[in-house]
Amino acid sequence: MLMLLALHLVAAALAPALVHRWGRWAFLPLAVAPASAFGWALGYADTVREGRAVVEAYPWVPELGIELALRVTTLSWLLVLLVGGIGALVLVYCVRYFDADEPGLGRFAAVFVGFAGAMLGVVLADDLLLLYVCWELTSVFSYLLIAHHPEQQASRRSANQALLVTTLGGLVMLVGFVMLGQHAGTYRWSEIAARPPPPGGYLGIAVVLILVGALSKSAIFPTSFWLPAAMAAPTPVSAYLHAAAMVKAGVYLVALLAPVYAEVGPWRPVIYVTGIVTVLAGGWAALRQVDLKLLLAYGTVSQLGLLVVLVGAGTPDAALAGVAMLVGHALFKAALFLVVGIVDRRAGTRDLTVLSGLWRRMPLVCATAVLAAASMAGVTPLLGFVAKEAILGAFRGDPPLLAALLLGAVLTTAYSARFVRGAFAGRPPPREATPTRPVETVLLAPAALLAVAGLVLGVLAGPVGETLAGYPRLFGSIAHPLTFVPASGLVLGLSALAQVGGLLLFALRTPVGAVQARLRAPFDGDTAYQVLSRGFDRFAVALTGATQRGSLPQYLGVILFALVLVLGGALLRGPWPDRIGVSGNPLQAVVGVVLGVAAVLTVRARSRLTAVILAGVTGYCTAVLFVLHGAPDLALAQFLAETVTIVIFVLVLRRLPARFSVRPLRRSRWTRLALGVAVGAVVTAMAVAATGARRAPPVSAEFPGPALSFGYGRNVVNVTLVDIRAWDTMGEIAVLVVAATGVASLIFQRRRGPDRPRRDDLPPPPGAERVWLRAGPTLRTRRRSIVFEVVVRLIFHTVVLFSIFLLFSGHNAPGGGFVGGLVAGLALAVRYLAGGRHELDQAAPVDAGMLLGVGLFVSVGTGLLAMSTGGEVLRSSLLEPELPLVGELHLVTSIFFDIGVYLVVVGLVLDILRSLGAEVDRQIEVEDEPGTGLRTDRPAGPARQAAAGAGAPDAPGGTDSESAGTDSESAGTDSGVAGTEGRR
Amino acid sequence: MSYLVPLPVVVPLFGAALALVLGRRPIAQRAISVTALVVTLAVAVLLLWRAHWHGPLVVHIGGWRAPLGIVLVADQLAALMLVVSAAVTLCVLLYSIGEEERADPGEHTPVVIYHPTYLVMTSGVTNAFLAGDLFSLFVGFEVLLAASYVLLTIGGTEERIRAGTTYVVVGLVSSLIFLTAIGLVYASTGTLNLAQMVGRLDALSADLRLALHGVLLLAFAIKAAVFPLAAWLPDSYPTAPAPVTAVFAGLLTKIGIYAIIRTETLLFPDGRAADLLLVLALLTMLVGILGAVAQSDIKRLLSFTLVSHIGYLLFGVALTSGPGLAAAIFYVVHHITVQTTLFLAAGLVERRAGSTNLDRIGGLARVAPLLGVLFLVPALNLSGVPPFSGFLGKLGLLQAGVSAGGVLPWLVVVAGTLTSLLTLYATTKVWSLAFWRPPRLVDPEAPARLPRLMVGATTVLVLLGVGLTVAAGPLFGVSTEAADDLRQRVPYVRAVFPGGPP
């Protein structure tokens with residue numbers, strides 16, 4: 001059985017290539033796939049008649065209880081025959097149905113075969129989850145088939161509608177399956193059915209959920225609307241969809257479950273109500289159609305309602321009638337659709353008010369149609385009649401239901417007559433017969449075959465009933481076997497009544513039409529769907545407008561509010577320590593107060609420069625706190641980092657307005673203030689609570705010993721950085737590298753014009769000879785300070801040497817690569833500040849990117865080298881080489897790691913000086929005076945201001961249309977809040 | 001074998017250093033990047049194989065025994081994440097190389113910094129997965145975030161700078177909260193080693209533990225883009241270059257989820273946040289997908305589906321049951337793959353049609369049929385259409401939710417089902433407009449032939465996504481075992497401290 005599915009898959013995959021090669025004739029080889037399913041099923045006819053099952057199973061995802069378990073019993077066997085047989089015939093029909101130059105035929109063929117395979121999967125599956133998989137696949141494939149002409153809007157809409165309605169039903173059904181499966185502990189239907197369902201309220205819910213899926217798939221009220229809309233598909237698709245596939249899946253599922261769940265509370269009410277409404281509404285609507293295809297479509301809706309009632313009734317006779325009707329409907333409906341396709345293609349229209357006299361022009365087609373329509377109307381001895389007899393017999397004991405079904409039969413006869421007359425009859429003389437093209441045998445044969453099959457099987461009603469008896473026997477013993485000879489007078493009378501009533505209704509079509517015109521439902525499913533989906537779209541836009549305002553301050557506010565809520569909530573529960581440790585050093589308190597004041601002033605500052613400097617003060621205060629706590633190393637690093645930061649900030653501020661822009665923030669001011677205070681308060685309280693709770697000794701307490709014995713260094717901080725936690729340092733220098741290159745890339749990107757690799761951009765120094773003070777020929781005189789330049793020039797090398805000393809002494813004394821690098825970087829910064837960008841190039845004639853890369857290379861390489869010698873990554877060892885003259889050296893390999901750190905830090909500072917410093921200088925010069933670049937300072941001109949405005953990173957943190965998509969709301973006041981400003 | 005563990009971090013970082021040094025030689029840069037990621041992928045596969053059959057691998061960095069030094073732990077979860085992330089980053093790298101080759105001379109992506117930054121980001125991602133130490137996890141986050149700041153603003157257009165502002169500031173605030181959390185945890189337990197923390201946290205009072213739990217969860221939830229902390233994501237991701245958005249969408253939020261999974265199971269298994277997480281999962285799913293429905297740009301729409309589906313992952317974690325966690329892990333793997341693929345496909349759409357704005361493009365199914373397949377398959381996969389992996393993941397979550405019973409899990413089951421349908425609604429909208437409508441291209445001059453490498457890389461990812469269905473059996477097996485290990489906690493602790501924690 002799996003081979004059959006695989007065959008379909010392969011055929012679908014090959015289809016585009018085949019169509020490309022052979023054109024529409026490729027449908028013939030493709031028909032082999034469904035035909036082989038048909039043949040396979042015929043081969044198992046005996047097995048099925050004996051009531052045995054054909055089983056195959058392969059594992060897939062055992063944890064989910066989903067496996068490729070296939071099982072064929074009477075019911076599924078019958079459907080395999082229908083799916084395979086009709087699928088093959090429809091594919092043959094396609095050969096002539098499509099024009100040779102039909103666009104997208106390869107895709108169509110592939111999807112169609114895939115669809116047939118999926119449908120086959122639905123009926124073969126024993127595992128409910130596998131059934132769902134194939135079920136959804138039929139939805140997706142039909143989606144692609146319905147939109148065969150996707151460029152027409154109606155086509156797309158119908159496809160979407162069909163997909164969404166059936167998927168919604170499918171998902172609901174899936175939940176029902178999962179409920180069943182989780183309770184039963186298995187998803188194999190044969191096992192679930194074999195055991196009595198575990199009792200519980202869940203069962204009713206699960207059954208209703210599954211029915212929702214089944215009924216929506218079969219276009220039962222109230223989801224009937226998608227099926228007529230799906231008529232946008234090419235006619236072969238409609239034929240297959242209506243006769244054997246897709247809509248039959250729902251009927252199949254109801255039939256599959258009925259033997260076990262028909263007695264569950266809500267089952268019958270749901271089935272009967274929705275089924276009967278569908279029977280009547282569908283039949284009534286069919287009477288109104290002028291498009292032959294729509295007429296048949298509404299007819300299908302009506303018949304599907306009937307089928308659901310039959311197979312869902314849960315009695316043996318109804319079930320037998322159901323399977324007979326299933327076959328009968330498949331045969332006559334497929335035939336009729338194929339006929340409509342022929343009429344449509346060969347006469348050019350399928351409007352029954354336009355068609356005229358076709359019975360003369362295509363008599364064989366007409367005969368086929370009459371035969372099929374007679375079966376639909378229930379004329380003896382056709383299969384439709386057999387089924388109708390069985391139906392009336394089965395519901396004899398239930399008068400209200402019987403009456404409703406009889407009414408349905410009346411409607412069926414009426415629209416059958418309407419179909420035949422509308423399609424083939426001649427019109428009064430002034431109307432010419434519709435011109436037609438000849439009908440090829442290949443086009444007609446499938447339809448004729450199906451119609452004749454309806455006759456043959458009707459005559460063979462007895463054997464057919466015997467073969468299919470395995471299914472109805474699941475409900476009990478059969479009282480009335482199938483026969484085309486009327487069994488009882490009552491049933492025969494009712495049947496005749498239906499025929500006469502139907503013909504009468506058809507004869508009275510003019511007054512009936514008038515009634516129908518007045519008797520329109522106030523709304524139909526299609527309108528409801530449109531209204532719902534449009535309202536839903538509006539709701540989505542409104543909600544998104546509210547949550548996605550595009551305002552950074554709002555986003556931050558939410559985050560901080562959450563922080564207050566989480567911490568505050570937890571703190572209120574009272575995890576307070578018994579004692580709160582207070583530092584004994586009063587100086588710390590003093591520094592703390594200064595720090596706090598500086599922080600508050602930073603927030604209040606209106607000038608950017610002031611704010612930067614005040615923020616720096618908080619940093620320096622922190623450094624002082626480190627000193628007071630006995631951590632000179634940390635303090636040193638903090639001082640230097642803070643200084644470099646201020647330098648960078650100042651460089652940036654050159655391009656920004658001097659003051660923070662004033663924006664209408666008053667409104668939310670107090671909220672923001674309260675939030676800020678609250679965050680500070682909860683974090684502080686939490687810090688107190690956390691420190692007070694510690695019982696275990698910290699791991700760092702054990703560092704000093706191993707730092708000396710295993711890390712070979714006395715400076716625990718440095719050993720921690722380059723050895724114990726070197727892994728984290730490695731990560732952090734990667735951050736530095738990335739940050740530096742990122743800043744540089746942004747600044748150097750700014751320039752318009754031809755693209756060049758940016759690192760080539762070191763400007764050629766004006767004047768080839770080396771000069772001691774580069775600022776001389778390059779800098780504006782008013783900016784120069786000769787004393788500063790000379791002093792800096794004199795001490796530069798000393799400072800750099802000192803930085804190297806810090807680097808190497810760091811393992812045992814304060815210092816290290818990070819501190820050393822910062823010192824060297826500061827030296828470069830001062831050099832730049834004093835002498836300008838050309839002086840910087842002279843001081844450091846290297847590419848900053850190269851420096852960063854080499855630094856990272858050295859550090860990471862040290863780690864890798866340790867691995868290559870058999871140790872863990874970043875393991876350090878003690879080297880004690882004997883050098884001539886110098887004597888024995890005491891060298892820890894982690895120093896190489898530290899050298900890498902040093903290089904990265906120097907590279908970082910250099911890169912930032914190059915980009916935020918030198919490159920920005922250059923841009924300012926170019927803007928001020930294109931050409932010379934040597935002019936006296938002057939206040940910012942208009943050009944410069946414009947540039948500053950464009951480049952300023954305090955552009956609104958979020959803006960209207962762009963950041964909020966379709967949301968127009970967000971253009972409100974909030975989005976006016978600046979990113980930078982909002983934080984303060 | 002344990003020498004393999006640090007390689008997924010060290011190799012990309014070393015590659016980044018080389019790529020920086022060779023900044024002027026684009027071909028060498030590309031060769032280095034590709035080699036580094038291929039090696040990473042190979043190592044990751046070995047690690048997964050090893051972790052699955054022989055238990056977690058642990059390496060003590062620099063030979064410093066835990067808890068003094070840093071440990072890297074490659075258990076099944078970490079190794080699985082490594083494999084997926086390495087595969088995805090490799091494909092995206094190839095895609096971007098394809099893009100570079102055909103870039104217009106006018107708007108050249110700055111290759112010089114792209115490769116090193118991309119490799120650094122990869123090493124941050126792998127570092128976060130392997131970290132056995134809370135601070136190392138933070139460093140991993142920092143590395144990948146810093147790199148992502150650079151990648152997001154690459155090219156420096158005004159739009160990107162503006163989006164970058166939101167992204168960077170939110171990123172910094174979340175890092176600050178994470179750092180605060182680390183300080184608090186260290187203050188109360190005196191250790192940063194996760195395995196050692198297990199016992200020490202258990203010894204704290206339940207209320208203090210809840211507070212620590214809350215801060216960590218908050219920090220991770222921002223990174224993972226959980227509602228209501230997710231608004232930054234759709235505002236920033238779509239502006240970046242296609243491959244960057246793709247890799248962000250695939251990986252970065254999932255690292256937040258990974259951290260949540262790790263901490264919820266290892267550090268705070270008492271499930272006190274479970275109900276809160278369920279509510280957040282529900283809101284994230286629904287608000288996210290409604291956002292997607294409201295969009296008219298493919299990239300923005302996909303960003304919202306990204307947020308929405310984070311809800312599924314959270315759902316699995318919040319259920320705290322083995323099957324729930326296993327399904328969440330499987331779903332992470334699926335979602336990394338498929339979301340990345342979709343963004344790559346959106347990049348191809350942009351290239352072919354000149355825009356991703358649904359109001360301005362159409363007819364791509366006819367103009368570029370292969371592109372249609374490359375979009376449709378992952379779109380259906382994302383929408384949970386069977387038999388694709390998205391369906392299997394959702395099925396696992398549904399089963400776990402139904403088994404859990406109770407009002408909240410049931411509500412989330414309903415919301416999850418609805419979200420699945422709405423995802424389909426949103427993706428078919430894209431399909432209908434961009435692919436099925438009569439053709440209209442913003443840039444009719446656009447070359448009909450898409451760069452082969454870009455298409456190839458996308459195809460590989462599409463196939464990888466489909467392959468998840470075929471390999472779902474073994475993959476779910478690994479996820480289930482990983483989930484069991486996580487819930488037991490003991491395997492992790494014993495791997496780090498074979499003799500029991502000090």
Side-chain angles (χ1 to χ4, degrees), chain A residues 61 63-64 133 136 140 150-151 156 160 168 171 178-179 182 540-541 543-544 547-548 552 555 558-559 562 566 570 573 575 690-691 693-694 696 698-699 723-724 727-728 731 734-735 738-739 741-742 745-746 749 755 757 759 849 852-853 856-857 860 872-875 955 957 963 965-966 979, chain B residues 6 13-14 17 20-21 23 61-64 67 69-70 108 110 112-113 117 120 139 142-143 146-147 150 156 162 165-166 184 187-188 190-191 200 205 207-208 210-211 214 218 228 231-232 235 290-291 293-295 300 386-387 396 398-399 402-403 417 421 428 432 436 438 472-473 476 480:
Chain A
V61 191
E63 282 82 4
L64 297 178
V133 168
E136 278 304 295
V140 172
E151 285 159 22
R156 293 198 301 271
N160 277 331
L168 172 62
L171 282 168
V178 169
M179 288 174 78
Q182 295 301 106
V541 169
L543 181 83
T544 310
T547 54
Q548 196 76 30
L552 179 57
Y555 300 167
V558 171
I559 291 173
V566 164
R573 306 174 69 96
T691 33
R694 183 193 283 176
V699 282
D723 205 337
I724 303 180
W727 184 257
D728 290 343
V735 171
V738 162
T741 51
S745 94
L746 277 181
Q749 273 290 323
D755 188 73
R759 302 265 178 214
L852 289 165
L856 193 61
F857 180 86
V860 181
E872 288 90 350
V873 68
L874 289 168
R875 180 169 199 148
S963 28
T966 51
Chain B
L13 212 50
F14 198 64
L20 262 180
V21 173
I61 301 284
W64 294 87
I70 294 172
H108 197 274
V112 184
I113 69 147
T117 314
V120 168
V139 172
E142 278 305 284
V143 172
V150 175
R162 187 174 293 161
T165 313
T166 305
L184 294 174
S188 49
T191 185
R200 293 200 176 177
S205 79
D207 295 326
L208 183 62
L210 184 67
L218 176 65
W232 57 270
D235 281 357
L290 286 169
V293 167
Q295 300 309 311
R300 272 187 73 84
L398 286 187
Q399 289 182 349
V402 169
S403 293
T417 316
L421 181 76
T428 52
S432 244
W436 266 355
F476 239 104
T480 307

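Numbers restart at 1 for each chain; the letters A, B, ... are given by sequence-line order, proteins then strands.
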Counting heavy-atom pairs under 4.5 Å to chain A, which of B:Gly291, B:Pro438, B:Ala472 comes out on top? B:Pro438

If you measure from OG1 on A:Thr691 to CG on B:Leu184, what distance do you get to the nearest 0.5 Å? 8.5 Å

Measuring from A:Asp728:CG to B:Ile70:CD1, what's the distance to the nearest 0.5 Å? 3.5 Å

State the CG-CG distance between A:Leu856 and B:Leu13, to the nearest 0.5 angstrom. 4.5 Å

Smallest separation among heavy atoms of A:Glu136 and B:Pro386, with atom names: CB-CG, 3.2 Å

Top contributor to chain A contacts, counting heavy-atom pairs under 4.5 Å, from B:Gly473, B:Gly396, B:Ala187: B:Ala187

What part of B:Leu398 lies closer than 4.5 angstrom to a heavy atom of chain A: side chain, backbone, both or neither? both

Chain B contact via A:Ile724 - which portion, at a heavy-atom distance below 4.5 Å: both

Turns out that what part of B:Thr191 lies under 4.5 Å from chain A's heavy atoms comes down to both

List the atom of A:Arg156, the atom of B:Trp436, and the distance in Å for their closest heavy-atom pair. CD-CB, 3.6 Å

Contact part of A:Val140 toward chain B, heavy-atom cut-off under 4.5 Å: side chain, backbone, both or neither? side chain

If you take all heavy atoms of A:Gly853 and B:Ala17, which pair is closest and at what distance? O-CB, 3.5 Å

Between chain A and each of B:Gly190, B:Ala147, B:Pro228, count heavy-atom pairs under 4.5 Å; write down the option with the most. B:Gly190

Between B:Phe14 and A:Phe857, what is the shortest heavy-atom contact and its length? CZ-CE1, 3.3 Å

With a 4.5 angstrom heavy-atom cut-off, which part of A:Asp723 approaches chain B: side chain, backbone, both or neither? both

What are the two closest heavy atoms between B:Val139 and A:Gly731, and how far apart are they? CG1-CA, 3.7 Å

Given a strict heavy-atom distance threshold of 4.5 Å, which part of B:Val21 is in contact with chain A: side chain, backbone, both, or neither? both

Pick from B:Ser188, B:Pro6, B:Ala146: which one has the most heavy-atom pairs with chain A under 4.5 Å? B:Ser188

Can you tell which of A:Gly742, A:Ala696, A:Pro150 has the highest number of heavy-atom pairs within less than 4.5 Å of chain B? A:Pro150

Taking all non-hydrogen atoms of both residues, which atom of A:Leu552 and which atom of B:Thr165 are closest, and how far apart? CD2-O, 4.2 Å

Working to the nearest 0.5 angstrom, can you tell me the gap between B:Thr417 OG1 and A:Leu171 CG? 6.0 Å

How many angstroms lie between CD in A:Gln182 and OG in B:Ser403, if you round to the nearest 0.5 Å? 3.5 Å

Heavy-atom cut-off 4.5 Å, strictly under: side chain, backbone, both or neither for A:Val566 against chain B? side chain

Residue pair B:Arg300 / A:Gln548, side-chain heavy-atom distance below 4.5 Å: yes

I'd like to verify something: which residue of A:Val178, A:Val699, A:Val735 has the highest number of heavy-atom pairs under 4.5 Å with chain B? A:Val699

